[in-house]
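Order of the sequence lines fixes the chain letters, A, B, ..., with proteins taken first and strands second; residue numbering starts at 1 for each chain.
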Number of protein chains: 2
Amino acid sequence: MKGKDIILGLLKTRGPLTGYEINEILQDQLNHFYVGSYGMIYPTLKKLENSGFVKKEKVSQDDKPNKNVFSILSLGEKEFNKSLYKPLQDDEFKSDFLIKIYFGNQFSKSEFINLIKNEIRIKKENLRLLEDNLEKWKNNGMNDNHKFTYDYGIIYYGSIIRFLENKLKQAENI
Amino acid sequence: MKGKDIILGLLKTRGPLTGYEINEILQDQLNHFYVGSYGMIYPTLKKLENSGFVKKEKVSQDDKPNKNVFSILSLGEKEFNKSLYKPLQDDEFKSDFLIKIYFGNQFSKSEFINLIKNEIRIKKENLRLLEDNLEKWKNNGMNDNHKFTYDYGIIYYGSIIRFLENKLKQAENI
DNA sequence: CAACGCATGTAACCGGTTACATGATTTC
DNA sequence: GAAATCATGTAACCGGTTACATGCGTTG
């Protein structure tokens with residue numbers, strides 16, 4: 001599933017949305033397993049419109065700038081359903097941290113330790129951001145499946161932080 | 001760190017290598033945190049050669065096809081060191097499985113359960129492949145830092161498999 | 001009047017992937 | 001003589017990212 005399928009899925013399951021709102025959902029809820037940005041969202045919405053998958057409606061607002069609201073069309077629903085039944089792709093994981101660890105003998109002891117400390121800091125920050133979004137998410141229509149993806153993130157970050165803290169102790173005692 | 005930095009790092013830390021050998025190392029050792037392929041390796045080696053980072057040497061073999069052996073040059077070592085000290089990039093994780101789970105209310109109960117079973121199968125297979133490589137890796141110069149990245153993979157797969165098995169039970173009991 | 005939140009977009013680039021194409025040598 | 005292993009490469013494409021560019025309306 002690509003960016004276009006996620007956008008179609010959001011429009012299908014949550015109703016009409018603006019590019020701005022799609023971005024908010026991606027950042028608040030899907031960020032730990034799919035990274036999106038405006039640079040993906042707006043060009044994709046344009047392509048989806050040109051393909052007849054979604055339609056755009058201009059909405060004037062008094063208290064805020066005007067906006068473009070996108071709704072999914074039946075052709076778009078078909079396309080989304082198709083994507084759901086495509087064979088499951090293996091996860092893509094790329095870790096700059098692990099690449100650097102792999103070449104860790106190029107570092108001094110203190111550099112190596114700082115590398116791990118830094119990664120722990122980042123992962124703890126990731127975990128905190130995810131946890132902070134929980135209340136917001138609950139008030140914004142969180143279902144059991146959303147909770148599944150949330151729990152996955154919590155377990156993943158927790159396991160990795162524990163692992164890294166062990167490795168840090170080992171590295172410090174050498 | 002990009003593909004080019006990994007190739008430079010391998011040439012620096014393991015000595016001269018062919019594209020074929022680089023691919024073997026990527027598949028056997030780095031595959032769980034960096035996915036590479038010939039389509040990346042050969043064009044990258046060409047660019048590295050054109051930039052003066054590596055040099056190519058043709059080697060004739062009697063028992064096997066001839067090959068091109070690449071060695072790192074001092075300019076390449078500089079480039080690699082530079083990449084090691086660039087700010088740590090956040091991991092990139094993209095999960096087709098979690099995207100489908102996020103939209104899980106589009107599935108029937110049995111489809112949903114099969115989706116989880118399928119992912120467990122894939123993750124167990126990933127884990128097994130990693131474990132199977134351990135002996136081979138040990139006999140091929142595995143250091144403590146390599147072991148670090150191996151352990152990371154084991155912990156990650158183990159945690160996720162346990163998590164998914166719990167969720168599977170829950171899904172079956174609804 | 002600055003900072004922030006809301007809102008939309010594009011052009012150039014990138015770091016690859018995918019599919020294809022080829023061929024030697026050895027083992028079964 | 002088929003399959004496996006060793007070995008190298010390219011052309012077309014892709015799914016984005018990065019950096020830039022703009023502007024309204026509200027809040028402090």
Side-chain angles (χ1 to χ4, degrees), chain A residues 1-8 16-28 30-31 33-51 54 56-70 79 83 86-87 89-90 92-94 96 99 136, chain B residues 1-8 16-28 30-31 33-51 54 56-70 79 83 86-87 89-90 92-94 96 99 136:
Chain A
M1 304 191 75
K2 321 283 180 179
K4 85 176 206 316
D5 301 307
I6 295 175
I7 290 178
L8 288 174
L17 294 168
T18 66
Y20 188 85
E21 289 166 336
I22 290 170
N23 184 61
E24 274 191 310
I25 298 171
L26 291 185
Q27 303 315 318
D28 291 349
L30 288 88
N31 190 53
F33 56 93
Y34 182 85
V35 175
S37 64
Y38 289 132
M40 179 279 281
I41 295 165
Y42 288 115
T44 301
L45 282 169
K46 202 180 196 179
K47 281 176 215 158
L48 289 174
E49 197 191 357
N50 292 338
S51 307
V54 305
K56 178 162 76 175
E57 202 186 342
K58 289 173 199 232
V59 175
S60 296
Q61 297 185 117
D62 289 343
D63 51 336
K64 290 175 201 170
N66 298 342
K67 62 186 181 180
N68 300 325
V69 178
F70 293 84
E79 176 71 10
S83 78
K86 280 182 191 152
Q89 301 297 298
D90 209 347
E92 289 167 31
F93 179 59
K94 183 180 158 188
D96 198 46
I99 296 170
K136 195 173 166 187
Chain B
M1 303 191 75
K2 321 284 179 176
K4 83 177 209 314
D5 301 308
I6 294 175
I7 291 177
L8 288 173
L17 294 167
T18 66
Y20 187 84
E21 289 166 336
I22 290 170
N23 184 60
E24 274 191 310
I25 298 171
L26 292 185
Q27 304 314 318
D28 291 348
L30 288 88
N31 189 54
F33 57 94
Y34 182 85
V35 175
S37 64
Y38 290 133
M40 179 280 280
I41 295 165
Y42 287 115
T44 301
L45 283 168
K46 201 181 195 179
K47 281 176 214 158
L48 289 173
E49 196 191 359
N50 292 337
S51 308
V54 305
K56 177 163 76 176
E57 203 185 342
K58 289 173 199 232
V59 174
S60 297
Q61 297 185 117
D62 288 341
D63 52 337
K64 290 175 200 169
N66 298 343
K67 61 185 181 181
N68 299 324
V69 177
F70 292 85
E79 177 71 9
S83 78
K86 280 182 190 152
Q89 301 296 298
D90 209 348
E92 288 167 32
F93 178 60
K94 182 179 158 187
D96 198 46
I99 296 170
K136 194 172 166 188

Annotated protein contacts, base or backbone, on nucleotides 15-25 of chain C with a non-hydrogen cut-off under 4.0 Å, one of B, S, - each: SSBB----BBS
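Judged by distance alone, the side chain of B/Q27 and the main-chain N or O of B/S37 form no donor-acceptor pair under 3.5 Å.
In this view, A/D90 satisfies the salt bridge (Lys or Arg N to Asp or Glu O under 4.0 Å) rule with no residue, not counting sequence neighbours. Residues passing the side-chain hydrogen bond (donor to acceptor under 3.5 Å, both in side chains) test with A/D28, sequence neighbours excluded: A/K136. B/Y42 is linked by a ring pair (Phe, Tyr, Trp, His ring centres under 6.0 Å) to B/Y38, counting only residues two or more places apart in sequence or in another chain. Considering only residues two or more places apart in sequence or on other chains, A/K2 meets the side-chain hydrogen bond (donor to acceptor under 3.5 Å, both in side chains) condition with none of them. Taking A/D96 as the reference, A/K100 meet the salt bridge (Lys or Arg N to Asp or Glu O under 4.0 Å) condition, with sequence neighbours excluded. A/E49 meets the side-chain hydrogen bond (donor to acceptor under 3.5 Å, both in side chains) test with no other residue; sequence neighbours excluded.
The overall bend of the helix from C/dC1-D/dG28 to C/dC28-D/dG1, read as the angle between its terminal helix axes built from five base pairs each, is 30° when rounded to 10 degrees.
In this structure, A/E57 atom CD and C/dT8 atom C1' are separated by 17 Å, rounded to whole Å. We find that OH of A/Y42 is positioned 12 Å from P of C/dC6, with the value rounded to whole Å. Between the NZ atom of B/K46 and the C1' atom of D/dA11 there is a distance of 11 Å, given to the nearest Å.
The side chain of A/N66 places no N or O atom within less than 4.0 Å of a non-bridging phosphate oxygen (OP1 or OP2) of D/dG25. Contact check, A/N23 against C/dT8: no side-chain N or O comes under 4.0 Å of OP1 or OP2.
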Side-chain donor-acceptor pairs of residues 58-65 of chain A under 3.5 Å, sequence neighbours excluded:
residue	atom	partner	partner atom	Å
A/Q61	OE1	A/K67	NZ	3.3
A/Q61	NE2	A/P65	O	2.7

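Among the protein residues, A/K58 comes within range of no part of the nucleic acid, since none of its heavy atoms lies under 4.0 Å from any strand.
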